[in-house]
Structure formats: structure tokens, C-alpha cells
Amino acid sequence: MTSPVVTRFAPSPTGYLHIGGGRTALFNWLFARGRGAKFLLRIEDTDRERSTPEATAAILRGLTWLGLDWDGDVVSQFEGRERHAEVAHQMLARGTAYKCFSTKEEIDAFRAEAEARGSYAVFQSPWRDADPATHPNAPFAIRMKAPREGETVIDDQVQGRVVIKNETLDDMIVLRSDNTPTYMLAVVVDDHDMGVTHVIRGDDHLVNAARQQMIYDAMGWAVPTWAHIPLIHGPDGKKLSKRHGALGVEEYQVMGYPAAGMRNYLTRLGWAHGDAEFFTTEQATEWFDLKGIGRAPARLDFKKLENLCGQHIAASDDAALLHELEAFLAVSGQPTLTDSQRALMQSGMASLKERAKTFPELLDKARYIMSSRPISRDEAAEKALDAVSRGILQSLTPQLRNASWTKDDLEAILTGAAAANGIGFGKLAAPLRAALAGRTVSPSVYDMMLVIGQDETIARLEDAAA
RNA sequence: GGCCCGUUCGUCUAUCGGUUAGGACACCAGGUUUUCAACCUGGGAAGAGGGGUUCGACUCCCCUACGGGCUGCCA
């Protein structure tokens with residue numbers, strides 16, 4: 001009988017949602033959602049010094065923006081501390097753990113001495129096999145009685161069969177002398193209690209998996225399926241750091257990348273499904289598997305991210321895109337759309353979305369919608385509006401006033417005007433763009449005219465011709 | 001220092017012993033065009049190095065180099 005699949009994402013609330021953490025969460029989510037399984041969220045807040053509620057909130061916001069919804073309530077690891085202590089004591093009772101009275105000072109001294117000698121032996125507690133009768137009446141930590149010989153084998157779905165010699169692992173502390181659980185114990189207990197079947201996490205935990213597996217064995221619990229994924233590196237191949245900027249998932253939102261494109265890019269980073277590059281989230285959940293995860297760390301490539309985002313923007317539903325655009329405006333601290341801007345955006349979206357890779361870019365292309373008369377013009381636009389062009393624009397307005405305002409009608413008028421003036425259409429389009437958008441780079445003149453309408457078009461042309 | 005993991009075009013990757021080593025992004029050239037974007041065509045571009053195993057290695061094994069991780073009463 002195979003138990004139903006359960007995955008989880010377990011971040012420490014010590015900062016925002018890291019881009020690597022976001023991808024780890026995404027992989028877990030994809031794996032679960034593709035199998036009708038559960039995706040749980042647990043906050044590893046046992047380190048009271050470094051954990052903050054603000055960080056937890058930021059992580060939740062990041063996940064939500066990425067569209068990764070979790071099942072059930074968010075679990076606080078700290079809340080389970082009594083259960084963790086209980087398990088530590090069960091280990092004691094089973095003889096798979098022991099009380100260690102060595103003080104932190106003694107252990108530090110041992111390490112310092114070892115280092116001075118140039119050796120790096122693991123600390124071996126003198127209390128491992130001590131007679132309980134000799135136990136002092138003093139605070140103690142509970143240490144796992146780890147096997148000293150043999151090896152622990154991690155059957156990893158990504159890294160393959162990884163063998164760790166037990167002699168290289170020490171008797172880790174599972175319960176501190178102040179009765180608080182350590183991470184090693186807490187993860188195992190929580191994953192077991194939450195029924196987690198697949199642990200998909202960064203490969204910085206690969207060796208930890210061996211230690212954790214010892215606890216599973218000590219408690220006689222079923223070991224989950226391991227999948228340790230490589231970390232993400234910066235564009236320079238080095239560890240991701242502040243220097244690379246854009247470490248937090250939310251920063252990507254502020255930069256204006258659409259969530260769908262972000263998901264696509266992050267999924268593709270370190271995972272492959274043949275030659276599939278551009279895909280929907282539905283396809284991703286359907287295709288995602290552990291086998292497709294690569295073993296080497298991947299670098300962030302903003303160009304590819306942008307390309308994918310452009311494709312997703314173009315493929316998006318107009319109304320949904322407008323909603324996401326407004327959300328972007330809000331998080332990036334920009335003014336909200338006025339009612340008329342929103343209405344124009346709605347009708348202009350179809351042409352706008354074909355040409356933008358990010359929301360700032362889309363907004364830039366939508367300048368003809370975002371600005372109102374009088375339209376301010378940049379230098380190139382000013383140049384395009386020379387005396388001759390102004391004259392042509394002037395001569396155009398009577399015809400436009402009588403136009404039926406359909407694409408065909410406008411096309412007939414404009415190409416006719418170009419021909420009448422003995423110029424190519426491109427020569428006419430430049431001043432039109434300048435008049436309509438204040439720039440010589442803009443969406444199609446027909447699209448702009450159709451979106452802003454007859455009156456506004458004529459008014460802008462008259463402004464420019466004046 | 002010890003242990004563990006990794007290494008295919010600039011980047012993300014395909015390949016699961018036999019391929020002219022494929023695709024995508026980026027780049028370069030040309031085309032189309034109503035500017036930008038898009039689009040079309042073409043191009044350059046890779047198995048870290050060295051040993052094995054094998055009729056045959058990118059693929060399996062070993063060594064080296066480089067990168068990363070772990071080595072806490074942090075997570």
C-alpha cells in the first residue's frame with residue numbers, strides 16, 4: 001500500500017522568500033498538484049532569536065503571488081515543541097538517545113583543541129555509555145545515540161544513492177539543555193506527524209538527510225522519499241548573494257514580471273521535460289516529476305526570464321492581465337488607474353500585450369493611454385513634427401471627422417493621404433505617433449486611434465498641428 | 001582538514017553506450033514591416049583535464065582541477 005503523496009515547504013522565517021526557496025516551494029507544489037496530493041506549509045520558527053512574524057508574512061505573500069496555495073493551516077514548528085520533547089524522551093526510553101551532561105564550554109574546548117592539533121574529530125560525548133547512576137544532578141541535553149559503524153544510505157531521487165559513513169556523523173543533540181528541540185529532531189517529527197511522504201528541498205540538506213534518517217530509524221518510522229535539488233546560483237555562477245540583487249521573490253513582482261512567467265521560468269530552471277520551454281502551469285503540474293530534475297546548480301538568466309514572461313503576457317486573458325497590472329501598480333507604489341484609463345486599457349490590451357515582456361514595458365507602450373492632453377513630446381517626436389508634417393496632419397482632420405472609425409476606413413484614409421502627399425506610409429506614421437503618443441515609438445497608429453477614439457484622436461492631431 | 005554533491009554551446013537544458021551531440025534564450029547576418037516588439041531565414045557556439053572499461057563512450061569506473069554543501073545545544 002502506498003500512502004497518498006504529501007509534500008511540504010518548510011522555510012525559516014528569518015527574511016523574505018528567497019528566489020531559491022520559491023523554486024523549492026514551486027517544485028513541491030507542482031509535484032503535489034500534479035498528483036492530487038497535499039502540499040503543506042510549515043514555518044520552521046524554532047530559532048526564536050532569528051524568527052520574526054514579519055518574515056513569515058513576507059514568505060506567505062511571496063508564495064501567494066507565485067500562485068502557490070497550500071493545504072490546511074500554516075504549521076508553526078515552535079508550537080510543536082512539547083511533542084518534539086516527548087519524542088526525544090521516547091528515544092531515551094528506547095535507548096536510542098542518552099543524556100549528555102557535557103557543557104557547551106567543554107565541547108567548545110574539545111573542538112578548539114582538536115583544531116589546534118590540526119585534526120577534526122567529531123565530538124564524542126563521554127556520557128554515551130555512562131552508567132545512569134553516575135549522572136550528576138545538572139542540566140543535560142539529549143543526544144541521539146547514532147551508530148558508530150556502518151553506513152547510512154540515502155536513496156535520493158535526484159542525487160542517486162548517496163552513502164555516508166556513520167563514523168563521520170556525531171551524536172547530534174535532539175533536545176537542548178533548555179528542553180527545546182533542535183532542527184534535526186523537529187523536522188523529522190513534524191514531517192512524520194504531518195504524513196509527509198516526499199521531502200523535496202535544497203541539496204544543502206543532503207548530508208542532513210543521513211542524520212535525519214537515523215532518527216526515523218531510531219523511532220521505527222517510515223523514511224520519506226528524498227529529493228535534494230541543487231541550489232540556484234547568480235548569473236556569475238557564484239553563490240546567490242546580495243550583490244546579484246533581486247533575491248526575494250517579491251522583488252520580481254515589483255520589477256513587473258508576471259507570476260505565470262515566473263513560474264514557467266523557475267520550473268524550467270533545473271528541471272526539463274524534453275524540449276518544452278514555454279508551458280502553462282497546468283502543463284507543468286501534469287508533466288512535473290522528480291526524474292526531470294537536474295543535478296547541477298543553475299544560474300539565473302534574466303533574458304530568458306523576460307522572454308518567457310513576454311510570451312505569457314501575450315498569451316494572457318486581457319481582463320486577467322489588467323488585474324495583474326493593477327496589482328503591479330499597487331506593489332510598485334504607482335498611482336492607480338483612473339476609470340477612463342482602465343477603460344482604455346481594456347480595449348487597448350489586445351495590442352499592448354503583444355509587445356511587452358514586463359509590466360513596466362507594457363505601461364511604457366501604453367503611454368498613449370496613460371497620458372492626457374496636451375501630450376508631452378520627446379525630442380524625436382518634436383523632430384517628426386516639422387512644418388510639412390504639421391500641414392499634413394492638419395489636412396487630415398476633416399477626413400477623420402467624417403470617418404466611420406473602423407480599421408478599414410482609417411487605413412483607406414491614411415494610405416490615401418500618404419499617397420496624395422507623395423510619401424510612404426512610414427513617413428506619415430511618424431508624425432502621427434508623435435501627435436498621438438508623444439513619441440516616435442508606439443503601438444500601431446491604427447490601434448491607438450481605435451482605442452482612444454475619434455474625438456480624442458482629432459484633438460491630439462490638432463494640438464500637434466497647432 | 002574530513003565527508004558529501006556537482007561539471008554538455010555565453011546561459012537553461014536534451015541525450016538514459018552507437019546521434020552530423022538536439023532545442024530554447026542570448027548573440028551575429030539577412031529578410032519582412034508602420035516605429036518598437038513580434039515574425040521568417042541563415043550562422044557561430046558545448047561534453048573541465050587525464051587515465052581506464054568496452055568493438056564503441058557525453059553516457060560506466062578511477063584520479064586531478066574547479067565550484068558548492070555539511071562538519072553547531074542555527075535552520
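Lettering follows sequence order; numbering is per chain, from 1.
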Going by salt bridge (Lys or Arg N to Asp or Glu O under 4.0 Å), name the residues that satisfy it together with [X], two or more places apart in sequence or in a different chain.
X: A:Arg148; result: A:Asp171
X: A:Asp301; result: none
X: A:Asp203; result: none
X: A:Arg111; result: none

List in numerical order all residues of residues 40-50 of chain A for which some heavy atom is under 4.0 Å away from an atom belonging to RNA chain B.
->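 Nucleic-acid contacts, sorted: A:Glu44, A:Thr46, A:Asp47, A:Arg50.
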Could you check which residues of residues 358-371 of chain A get a heavy atom under 4.0 Å from RNA chain B? Sort them by number, please.
-> A:Lys365
Please tabulate, one pair per line, each protein N/O and nucleotide N/O from nucleotides 42-45 of chain B that are separated by under 3.5 Å, including the distance.
none

Which pairs pass side-chain hydrogen bond (donor to acceptor under 3.5 Å, both in side chains) with one or both residues in residues 156-165 of chain A, sequence neighbours excluded?
->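 Only A:Asp156-A:His228 qualify under side-chain hydrogen bond (donor to acceptor under 3.5 Å, both in side chains).
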Taking side chain to side chain donor-acceptor pair (under 3.5 Å) as the test, write out the residues that go with A:Ser316, two or more places apart.
-> none
So which protein nitrogen or oxygen atoms get under 3.5 Å of nucleotides 61-71 of chain B's nitrogens or oxygens?
unit_1 : atom_1 : unit_2   : atom_2 : d
B:G69  : OP1    : A:Lys239 : NZ     : 3.0
B:G69  : O2'    : A:Asp204 : O      : 3.3

What does the list of N/O pairs under 3.5 Å between the protein and nucleotides 21-24 of chain B look like, with a distance for each?
unit_1 : atom_1 : unit_2   : atom_2 : d
B:G22  : N2     : A:Asp275 : OD1    : 3.0
B:G23  : N2     : A:Arg268 : NH2    : 3.4
B:G23  : N2     : A:Glu277 : OE2    : 2.5
B:A24  : N3     : A:Lys304 : NZ     : 3.2

Contacts of type ring pair (Phe, Tyr, Trp, His ring centres under 6.0 Å), residue A:Phe359, not counting sequence neighbours =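 Once residues adjacent in sequence are excluded, the partners of A:Phe359 under the ring pair (Phe, Tyr, Trp, His ring centres under 6.0 Å) criterion are A:Phe328.
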